[in-house]
Structure formats: C-alpha cells, structure tokens
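First the structure, in the form of structure tokens, and then the observations on it.
The first residue of the sequence shown is numbered 1, and numbering continues consecutively from there. Since this is a predicted model, take the numbers as computed values, not measurements. Atoms considered below: every heavy atom in the structure, side chains included; atoms not considered: hydrogens, waters and symmetry mates.
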Amino acid sequence: MASAPQAQEAVISLRGITTRFGEHVVHAGLDLEVRRSEIFALIGGSGSGKSTLLREMILLQRPDAGCIRVLGADLQSLSEDDALALRQRWGVMFQHGGLFGALTVKENIGLPLREHTTLEDPVVDQIAAWKLDIAGLAPEVGAQYPSELSGGMMKRASLARALVLDPELLFLDEPTAGLDPESAGGVDVLVRKLRDQFGLTIVMVTHDLDLLWQVADRAAVLAEGKVQGIGSMSELARMEHPAIRKFFDGPRARAASDLEASPSRPR
C-alpha cells in the first residue's frame, strides 16, 4: 500500500447524503470525508451506491438531501459559471473511457484545452503529447482512434484526457475493470505515480482487490445506505461488519492480503 499522506485537510466532505430512485433508498444519511493528497477508494456490493456517489461528487447527479462540499465549494448552491470553473479543477476517468470515436486520441486529450482555454493548436498538441506520455502511451498512439485501442490503452488514453487541465482532484471509475493482470498492474503503478509526483487527491470506485491493497490509503465500505467502515485495508480487514467481511473472507481477498503482507513484495 502507498504511504499515507501527511496532510489532513478534507477536500471532499459529504454530510447527511440521501439519494432515492423511486421507493429505493440508495444513500440514507451518508457521511464521508476525503483528505488532500490521499488515494481514497469507494467499495461495496452491487447496488450499494458507489458510482451514484461518485456522480454526485462530480455534479452529474444531485442527492435528494444533504450537503456535498468539494474544494471548499457547496455543490448544491453553485451558479452555472462557478460549477464550470470547479469542473476544471478535477479530472474524471470513466469506466468505459468516454472518448469520442470520431476524434483521434490526441484530439480527445486536447479537447478540454480547446474548450476551456485560448491556447493555440500547436501548444494544445504539445500538452496532449505530454499527457499521453505521462499516461504511459507511445507518441504514435495519439494518431489512433479509440476503436483501434486495446482495453488497457483506452483506460490510459482516458486518464491522459482527465489530466490535461492539471487537476487537483482525479476521479477514477473502475480503472482496472476488464483488464488483464499485466495491464491492471500497470494501472496500479500509474495511480501511485500520479499521486506521488503531482500531489493529486484521487478518488476511485473499484472492485479490484489488488489495486485496493497496493494503492489505497483509505477505503470506505458502502452498504445499507451508509458507510459501514472506513480506514486502511489493514484496518478494514479487522472489522466485523458483515458487509466488510465479504471483502476479506473470500479466496481472492485472502490472496491479495497475503501478497500485501509478503516481505518479498516490491514496494
């Protein structure tokens, strides 16, 4: 696991979040804080509201009740102009990439710069190439279209676009879903590198136990509409709530835990 950051400032704060879809209650007075420069994971079973909570943090959905503050701003009271300015301070890597199929990878990466800045095209292209390199992709990938990319390359291209405005916050929705072990391992390394080099605060939704053990500073387990446990993976592994035990009592969970504990494991 990555070393826990020293800063304790809360950059995301959720208080009393309630979310309903018809009669179905997804969140029931949920409270949560994410600290600056930490890698924070949202975990839980299907239907526990992880992705919904992420969408609420990035202004794609509003809760029915409660308060969400991100980077000091109350999301419920933002004007359209303030919301636009705030969105430029975070980046989002969507689960399925979210790239535009009619644009090349380089054009996709540069699109936020063309929409939100007055930079000339050559400068935009240079920045896009730099972000492509940061994401671990070769320069020639920039000329390809999303349909020509493998799953791992698609994830990295989407990450490069999420980084193009130099965000303070990075949101990752299932960053390793559908990847082979080697590609997923590369994402693990990249996530740690981004936090350590750029001081990013990273929030991710994931089911990947290896990713959780290797990079998450803290994780929150969602169940029954609330956070049932929060802490490092080692701390969560000692908690007894049934929703938490599901993540630590299966064979895959024990294997990931054993790997983390191994003295020969590279850090």
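- When hydrophobic residues (I, L, V, M, F, W, Y) are linked wherever their side-chain heavy atoms come within less than 4.5 Å, V189 remains an isolated member.
- Among residues two or more places apart in sequence or in another chain, the salt bridge (charged side-chain N to carboxylate O under 4.0 Å, His left out) test is passed with D81 by none.
- A salt bridge links R15 with E33; the closest basic N to acidic carboxylate O contact falls under 4.0 Å.
- Between the side chain of R161 and the backbone N or O of G98 there is at least one donor-acceptor pair closer than 3.5 Å.
- Between the side chains of T201 and E38, no donor N or O sits under 3.5 Å from an acceptor N or O.
- Residues that satisfy the side chain to side chain contact (heavy atoms under 4.5 Å, CB included) test with L119, not counting sequence neighbours, are L113, T117, V123, V124, I127.
- Side chain of E235 to backbone of S232: a donor-acceptor contact under 3.5 angstrom is found.
- Listed for the K50 side chain is no donor-acceptor partner under 3.5 Å among the backbone atoms of I43.
- Judged by distance alone, the side chain of N108 and the main-chain N or O of F100 form a donor-acceptor pair under 3.5 Å.
- Proximity of a side-chain donor or acceptor of D74 to a complementary backbone N or O of R69 within less than 3.5 Å is not detected.
- R36 places no side-chain N or O within donor-acceptor distance of the main-chain N or O of L200, the cut-off being under 3.5 Å.
- Residues T176 and D208 bring a donor and an acceptor atom of their side chains to less than 3.5 Å of each other.
- Ion pairing between K155 and D173 fails under the 4.0 Å rule for side-chain N and carboxylate O.
- The shortest heavy-atom contact between A73 and L86 is CB-CD2, 4.0 Å.
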